[in-house]
Enquirer: 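Got a structure for you, questions after.
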Amino acid sequence: MSLKYKLLAAAATLTLATAAWAGETIVVDDAYARASGANAKAGAAFMMIRNTGAEDDRLVDARSDVAAKVELHTHKINDQGVAQMMHVPEGFDIPAGGMHALARGGDHVMFMGIKAPFEQGALVPVTLVFEKAGEIEVEIPVDLERQDGGHGHMKKN
């Protein structure tokens with residue numbers, strides 16, 4: 001294991017240990033980001049968002065300095081049966097006591113006009129904006145090797 005990898009792992013552990021809670025209602029689990037290649041101009045982030053509160057909330061925006069534009073996106077099937085990515089300006093509902101998955105092939109945070117390549121193990125700073133919980137800053141690790149859409153490890157908000 002390289003020194004760089006060990007330092008990144010230590011930083012991620014420290015980040016997890018000092019996670020801030022948004023009124024102790026919104027929890028972001030197992031977040032990861034990826035781009036399709038070193039020269040990619042777009043990338044995406046995926047995560048599981050849990051609302052442990054008694055009121056519904058809504059993810060209404062995402063911001064990051066790593067790209068010219070950041071939007072909440074989903075995939076919809078068009079009349080020809082082809083999946084198309086599209087902006088979801090109204091955001092995603094996070095029901096009270098429930099969760100909402102941002103996963104490959106579905107809802108996700110989209111980075112357009114990436115300013116630098118997403119490198120394996122790097123951290124992508126993102127501000128998630130919720131209707132009620134407000135702004136939650138997360139550092140999302142880049143995982144270019146992940147193949148599945150499974151969720152379960154990282155906690156941060």
Side-chain angles (χ1 to χ4, degrees), residues 8-36 40-78 83-116 118 121-157:
L8 287 171
T13 301
L14 182 59
T15 298
L16 293 176
T18 60
W21 296 84
E24 296 195 21
T25 61
I26 298 295
V27 179
V28 177
D29 287 322
D30 197 26
Y32 73 102
R34 60 183 294 118
S36 58
K41 297 297 178 194
F46 313 99
M47 64 202 74
M48 182 66 71
I49 302 173
R50 290 187 294 131
N51 180 352
T52 62
E55 291 185 83
D56 293 348
D57 207 338
R58 178 184 292 267
L59 176 63
V60 294
D61 198 13
R63 296 190 294 263
S64 180
D65 291 335
V66 302
K69 191 174 194 179
V70 181
E71 293 180 343
L72 301 176
H73 273 209
T74 196
H75 286 92
K76 298 277 184 178
I77 305 298
N78 68 16
Q84 293 181 308
M85 223 177 338
M86 59 190 309
H87 179 218
V88 183
E90 68 275 12
F92 307 123
D93 288 328
I94 316 296
M99 61 184 81
H100 187 86
L102 302 188
R104 291 169 71 178
D107 299 339
H108 57 279
V109 174
M110 187 75 194
F111 305 98
M112 295 166 286
I114 293 174
K115 297 175 182 177
F118 280 12
L123 296 174
V124 177
V126 178
T127 301
L128 301 173
V129 182
F130 293 86
E131 204 169 66
K132 295 181 180 150
E135 294 185 1
I136 299 173
E137 294 182 13
V138 294
E139 289 189 330
I140 300 174
V142 174
D143 187 345
L144 303 175
E145 299 168 356
R146 190 166 178 167
Q147 296 299 313
D148 68 294
H151 293 279
H153 300 318
M154 183 174 176
K155 294 182 182 179
K156 173 74 175 128
N157 35 322

Enquirer: Nearest 0.5 Å, what's the CE-OG1 distance between Met110 and Thr74?
Expert: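 Met110 atom CE to Thr74 atom OG1 measures 12.5 Å (nearest 0.5 Å).
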
Enquirer: Are Val126 and Val70 close enough that some pair of their side-chain heavy atoms sits under 4.5 Å apart?
Expert: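 Sidechains of Val70 and Val126: no contact.
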
Enquirer: Do Lys69 and His87 have side chains that approach each other closer than 4.5 Å (heavy atoms only, starting at C-beta)?
Expert: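 The answer is no; the side chains never approach within 4.5 Å.
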
Enquirer: Between Ser64 and Pro125 (side chain of the first, backbone of the second, donor and acceptor by atom type, cut-off under 3.5 Å), is there such a pair?
Expert: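 Pair found, side chain donor or acceptor close to backbone of Pro125.
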
Enquirer: Please verify the inter-ring angle class for Phe118 with Phe111; under 30° counts as parallel, over 60° as perpendicular, anything in between as tilted.
Expert: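 Plane angle over 60°, so perpendicular.
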
Enquirer: Can you measure from CG (Leu59) to CG (Leu72) and round to the nearest 0.5 angstrom?
Expert: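 If I round to the nearest 0.5 Å, the distance is 5.0 Å.
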
Enquirer: Suppose we screen for side chain to side chain donor-acceptor pair (under 3.5 Å). Which residues come up paired with Lys115, at least two apart in sequence or across chains?
Expert: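 Testing Lys115 for side chain to side chain donor-acceptor pair (under 3.5 Å), a comparison that skips the adjacent residues, returns none.
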
Enquirer: Would a distance-only check, ignoring hydrogens and angles, find a side-chain to backbone donor-acceptor pair under 3.5 Å from Asp61 to Val129?
Expert: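 Not at all, since once roles are kept as given, no pair shorter than 3.5 Å links the two residues.
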
Enquirer: For Ala40 and Ala35, work out which heavy atoms get closest and say how close.
Expert: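 Taking every non-hydrogen atom into account, CB-CB, 4.0 Å.
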
Enquirer: Hey, what do you get for CD1 (Ile49) to CZ (Phe130), rounding to the nearest 0.5 Å?
Expert: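 The distance works out to 4.5 Å.
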
Enquirer: Among residues two or more places apart or on two chains, list those pairs meeting side chain to side chain donor-acceptor pair (under 3.5 Å) that have a residue in residues 88-99.
Expert: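 Non-adjacent pairs meeting side chain to side chain donor-acceptor pair (under 3.5 Å): Arg58-Asp93.
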
Enquirer: Any donor and acceptor pair, going by atom type alone, linking the side chain of Asp143 with main-chain N or O of Arg34 inside 3.5 Å?
Expert: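 No; zero donor-acceptor contacts below 3.5 Å.
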
Enquirer: How long is the span from the NZ atom in Lys76 to the CE atom in Met85, to the nearest 0.5 Å?
Expert: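 Taking NZ in Lys76 and CE in Met85, the distance rounds to 14.0 Å.
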
Enquirer: Give a yes or no answer on whether the side chain of Asn51 reaches the backbone of Ile94 with a donor-acceptor pair at less than 3.5 Å.
Expert: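 A pair under 3.5 Å: yes.
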
Enquirer: Can you see which heavy atom on Asp56 is nearest to which on Lys132, and at what distance?
Expert: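 In this case the closest contact between Asp56 and Lys132 is O-NZ, 2.9 Å.
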
Enquirer: Give me the atom names and distance for the closest heavy-atom approach of Ile140 to Ala31.
Expert: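 So the minimum-distance heavy-atom pair works out to CG2-C, 3.8 Å.
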
Enquirer: Within the structure provided, determine whether Met47 and Val109 are in side-chain contact (heavy-atom separation under 4.5 Å).
Expert: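 Yes. Closest side-chain heavy atoms under 4.5 Å.
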
Enquirer: Can you tell me how far the CD atom of Glu137 sits from the CZ atom of Arg63, to the nearest 0.5 Å?
Expert: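 Answer rounded to 0.5 Å: 9.0 Å.
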
Enquirer: Which atom pair, heavy atoms only, marks the closest approach of Ala62 to Leu128?
Expert: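 In terms of heavy atoms, the two residues are closest at CB-CD2, 4.1 Å.
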
Enquirer: Check Ala33 against Val124 and note the closest heavy-atom contact, atom names and distance.
Expert: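 Reported closest heavy-atom pair: CB-CG2, 4.2 Å.
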
Enquirer: Is the side chain of Asp107 donor-acceptor paired with the backbone N or O of Phe92 at a distance under 3.5 Å, no angle test?
Expert: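 Pair absent, no side-chain N/O of Asp107 close to backbone of Phe92.
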
Enquirer: Quick one: closest heavy-atom pair of His108 and Ala45, and the distance?
Expert: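 Reported closest heavy-atom pair: CB-O, 3.6 Å.
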
Enquirer: Would a distance-only check, ignoring hydrogens and angles, find a side-chain to backbone donor-acceptor pair under 3.5 Å from Thr127 to Ile136?
Expert: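 Not at all, since once roles are kept as given, no pair shorter than 3.5 Å links the two residues.
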
Enquirer: What distance do Met112 atom CE and Lys41 atom NZ have between them, rounded to the nearest 0.5 Å?
Expert: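 Answer rounded to 0.5 Å: 14.5 Å.
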
